Amino acid sequence: TQLLEQSPQFLSIQEGENLTVYCNSSSVFSSLQWYRQEPGEGPVLLVTVVTGGEVKKLKRLTFQFGDARKDSSLHITAAQTGDTGLYLCAGLISGTYKYIFGTGTRLKVLA
Amino acid sequence: EAGVAQSPRYKIIEKRQSVAFWCNPISGHATLYWYQQILGQGPKLLIQFQNNGVVDDSQLPKDRFSAERLKGVDSTLKIQPAKLEDSAVYLCASSPSGTGFGAFFGQGTRLTVV
C-alpha cells in the first residue's frame with residue numbers, strides 16, 4: 001500500500017509565525033499537489049509541482065518538491081488567521097494512474 | 001467553467017438502509033474519483049474511473065459499495081446496506097486524463113448513519 005505521511009498532524013501557532021509542513025513517501029511521484037480544505041468544503045488545489053527540486057511560491061506560501069520526487073514541503077511565512085484549515089498533499093504515483101492523498105495537517109492560526 | 005457537482009449535500013439514514021450519491025464532473029475530464037473522508041483525515045480513494053472504465057477499486061468495500069460511470073460522464077456511488085462506520089463525507093473529484101495537474105473537487109456529501 002502506497003502511503004503519503006504528513007507531519008505534523010496538528011499545528012497551532014500565533015499569527016505572524018512561520019511554519020513548515022512535510023509530506024513524505026517511499027513512492028516516486030510524477031506530480032504532487034497541495035490542497036487546503038475548509039470545513040464543509042472539498043479540498044481546493046493550491047499548487048502542482050512536477051520537477052524534482054522544483055520550488056514554487058504563492059504569495060506567503062512556498063512549496064518544494066524533493067530531488068527524488070518522493071517528498072515535498074509547504075512553508076508559510078507570517079501566518080494569518082485565514083490560513084487556518086486542513087492541508088493535504090497528494091500525488092500521482094509515477095507510471096500509474098494512482099492518485100493518493102496524504103494523512104493531512106490541521107493548522108490553526110490564532111489571532 | 002462549472003465545477004464538480006455533487007448531490008445531495010447531506011443525507012441521514014438508518015443503518016441497513018441504502019443510499020446513493022451522484023456526481024457530475026467538469027466537462028471533458030476523463031478521470032473521476034470517489035473518496036471517503038473521515039472527519040479530520042485525508043481523503044481515502046474508493047474508486048477511480050478513466051472514462052467509463054475502472055482504474056482502481058482496491059479499497060472499495062465491494063460487499064456493500066458499488067459505483068458506476070455510464071457513458072464516461074456522470075457517476076453514482078451506492079451503499080447497500082449502510083453501516084454506522086460509513087458515516088463520512090463522500091467526495092467526488094475529476095481531472096483531465098494523464099496531465100497530473102491535480103483533481104478538482106465537489107463540495108461533498110455528508111452522510112450520517114444512525
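If you're wondering where the values come from, they're calculated on a predicted model, not measured in any experiment.
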Proximity breakdown for A:Ser30 and chain B, heavy-atom pairs closer than 4.5 Å: neither
Given that the side chain runs from C-beta out, which part of B:Val55 has a heavy atom under 4.5 Å from chain A: side chain, backbone, both or neither? side chain
Taking ring-ring contact (aromatic ring centres under 6.0 Å, His included) as the criterion, tell me which of B:Tyr90, B:Tyr35, B:Phe65 meets it with B:Phe21. B:Tyr90
A:Gln37 versus chain B, the contacting section by heavy-atom distance below 4.5 Å: side chain
For the CG atom of A:Leu46 and the SG atom of A:Cys89, what is their distance to the nearest 0.5 Å? 11.5 Å
Check the pair A:His75, A:Thr62 against side chain to side chain donor-acceptor pair (under 3.5 Å), reporting the backbone distance first and the verdict last. CA-CA 5 Å; A:His75 182 80; A:Thr62 301; over 6 Å; no
Is it true that B:Asp86 and B:Lys15 have a side-chain N and a carboxylate O under 4.0 angstrom from each other? no
Among B:Lys44, B:Gln37, B:Gln41, the residue with the most heavy-atom pairs under 4.5 Å to chain A is B:Gln37
Scored by heavy-atom pairs under 4.5 Å with chain A, the best of B:Gly106, B:Cys92, B:Ser58, B:Ala103 is B:Ala103
Honestly, the part of A:Tyr35 sitting under 4.5 Å from a heavy atom of chain B is side chain
Less than 4.5 Å to any heavy atom of chain A: does that hold for the side chain of B:Gln48, its backbone, both, or neither? side chain
Using atom types as modelled and distance alone, determine if a side-chain donor or acceptor of A:Glu54 lies under 3.5 Å from a backbone N or O of A:Val50. yes
Is it true that B:Asp74 and B:Arg69 make a salt bridge, defined as a side-chain N closer than 4.0 Å to a carboxylate O? no
Between B:Gln6 and chain A, which part of the residue has a heavy atom less than 4.5 Å away: side chain, backbone, both or neither? neither
Taking the side chain as every heavy atom from C-beta outward, state whether A:Leu4 and A:Asn24 have any atom pair closer than 4.5 Å. no
If we define contacts as heavy-atom pairs under 4.5 Å, which of A:Thr48, A:Thr105, A:Val47, A:Leu86 has the most with chain B? A:Thr48
Heavy-atom pairs under 4.5 Å with chain B - which of A:Gly102, A:Pro43, A:Gly104 has more of them than the others? A:Pro43
